[in-house]
Protein chains: 2
Amino acid sequence: MSNRIRGVANPQAQAEVPGAPETAPVTAPLASRPLYLQARDLLLRRIVDGTWKPGGYLPSEPQLALDLGVSIGTIRKAMEDLVGQGLLERQHGRGTQVVPHSSDRSRFRFLRFVHGDGRPFRPVALVLSAGTARADAQDRAALGLGAGAKVMVLLRTRSEDGVPLIYERIALPAEPFAALKPEPGAEMLEEIYVLYQARCGQTVARARDTIATDRASPAMADALGCPPGAPLLLVRRVAVALTGDPIEYRQSWTAALHYRSDLD
Amino acid sequence: MSNRIRGVANPQAQAEVPGAPETAPVTAPLASRPLYLQARDLLLRRIVDGTWKPGGYLPSEPQLALDLGVSIGTIRKAMEDLVGQGLLERQHGRGTQVVPHSSDRSRFRFLRFVHGDGRPFRPVALVLSAGTARADAQDRAALGLGAGAKVMVLLRTRSEDGVPLIYERIALPAEPFAALKPEPGAEMLEEIYVLYQARCGQTVARARDTIATDRASPAMADALGCPPGAPLLLVRRVAVALTGDPIEYRQSWTAALHYRSDLD
DNA sequence: TAGTGGTCTAGACCACTAG
DNA sequence: TAGTGGTCTAGACCACTAC
């Protein structure tokens, strides 16, 4: 048995020695990476490139095993890894699905805001303004952009029962999110990560949050109905895509809400 | 093959029908729980009850498979689950170890404080006071205690380069932590979870953090060198043991530090 | 060299979903 | 009923650690 998945790993080696017998590759850097990791990466690549879309089903295990030329057990091990990352979801008797971002699912994959008494916060978002601008230093650092790069900037509030509780600024790299087309004044009932995925093909895989205190700017005070300079909780989030590239830098300010990690 | 691990799962069924042939149990509630889950629970129980101590090694896979009367694959699956929870650590060629709480490991299993510029915070803790008291309402709610229950309360600061940056109150259920014996004025170089484990046999498995803003009380202002009433970041943590019981309620106040979730 | 965990396979049988 | 994933086994071979 060859030491790599057919036509998948080390394609350059294949290209360098076309038709060569299956001997040790000339350069053998990753040639012996475990098959299940190669399989996992291949599955991931097909998810990223859209071969299998969010909400869609993968081929069955026996089929994938045939396709990749490995045993079912190896396929299963590759899948388990992606299931653990929250990318795939297996349903007994039905199949294996690429997990779509749904508001419900997002609620449990990331830290989230709650009321002071622990009640969940169920917001409706209202877009205050949207447009592209030159990325500022913080945006560039968070998103790994060069000087002069453009970002789409959204300002919005998130309200419950008509009461705005969060003031939010979201910066996104301009091109991948050109199709987002947020409309000022529009209400967003869905979790915004659902829109990233549906409109822009961008899937948020993980996020890093940094929490600090801040003071209300006039704009925040106006939006949140608190005095300027009032102490606020500030949550900064950098979200990364399946590829590991940062795709969202978000700052959320709130006066009344708490932020929670659910049983880490 | 019997449908349960010998002498482990459903011992009451065994007791009710001693010497009975291996037929369906009279009451078959959990009789068909997968073997690997039964094996996982057994391993967990032996970790909790101290059969295998933190830092110690488990028997080898073939040995455990023999002991439990299951195949190695089933043992591996049980272990993988516990490895995923951070309870076990496998070392190729050496064995499988019960993970001891070390300061280094803790740093990556929980949310943590960082400096505003992202630098890690490496504190030394100083105990201000320690003693037992009647649990207040918040303590009881967090720790699941009844009215009149006693808690050990620690007040301490956490400093870097001699500068106190965190003021902290820790409430612990009195009896399990009687052996902690914190000494006011003592410096704690180790992560306190190491002490819980070493002195009291209590292992913190998971924690839930809730972050809010607060105002400095006179005591906090005094300890942190900020004006009374200054806005602070307040992190409340409820930590639970391997058994799932809450064993620590901690409140941490800071003026300068940020709090961070590292990638999810 | 002996013993450990790591990878990979092949196949039996079960449980769930859908038509 | 056909097809899917879930459990469980048995065994081969490899790679790492220790002595």
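Naming: A, B, ... by sequence-line order, numbering from 1 per chain.
- Proximity of R94(B) to the phosphate of dC16(D): no side-chain N or O atom is located under 4.0 Å from OP1 or OP2.
- Between the P atom of dT9(D) and the CG atom of L64(B) lies a distance of 14 Å, rounded to the nearest Å.
- In this structure, T74(B) reaches the dT9(D) phosphate: one of its side-chain N or O atoms is under 4.0 Å from OP1 or OP2.
- Here S60(B) reaches the OP1 or OP2 of dT4(C): one of its side-chain N or O atoms lies under 4.0 Å away.
- Base-pair partner of dT17(D): dA2(C) (Watson-Crick or G-U wobble, both distances under 3.5 Å).
- D81(A) places its CG atom 14 Å from the C1' atom of dT7(C), with the value rounded to the nearest Å.
- Checked by atom type, the side-chain pair D81(B)/Y36(B) shows no donor-acceptor distance below 3.5 Å.
- What separates CG of L88(B) from C1' of dT4(C) is a distance of 15 Å, to the nearest Å.
- In this structure, the ring of Y193(A) has its center less than 6.0 angstrom from the ring center of F110(A).
- Atom OH of Y57(B) and atom C1' of dG3(C) are 14 Å apart (whole Å).
- The CD1-C1' distance, from I72(B) to dC8(D), rounds to 13 Å in whole Å.
- Applying the 5.5 angstrom centroid cut-off and the 30 degree plane-angle cut-off, the aromatic ring of H92(A) is not stacked upon the base of dG6(D).
- Between the C1' atom of dT7(D) and the CD1 atom of I75(A) lies a distance of 18 Å, rounded to the nearest Å.
- One finds no side-chain N or O of T96(A) lying less than 4.0 angstrom from the OP1 or OP2 phosphate oxygen of dT4(D).
- When all heavy atoms of P246(A) and L143(A) are compared, the closest pair comes out as CG-O, 3.4 Å.
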Let me see the working for E248(A) and R237(A) under salt bridge (charged side-chain N to carboxylate O under 4.0 Å, His left out), right down to the final yes or no. CA-CA 8 Å; E248(A) 181 200 54; R237(A) 165 174 292 180; 5.1 Å; no
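- Close to dC8(C), at under 4.0 Å from its OP1 or OP2, lies no side-chain N or O of K77(A).
- Atom CD of Q97(A) is separated from atom P of dT4(D) by 16 Å (rounded to the nearest Å).
- Relative to the side chain of R76(B), the nucleotides dG6(D), dT9(C), dG6(C) differ in distance, and dG6(C) lies closest.
- The nearest whole Å value for the distance from the CD atom in Q38(B) to the P atom in dT7(D) is 12 Å.
- Pairing partner, dC8(C): dG11(D), with both Watson-Crick or wobble hydrogen-bond distances short of 3.5 Å.
- The CG atom of L64(A) sits 5.0 Å away from the CD1 atom of I75(A) when rounded to the nearest 0.5 Å.
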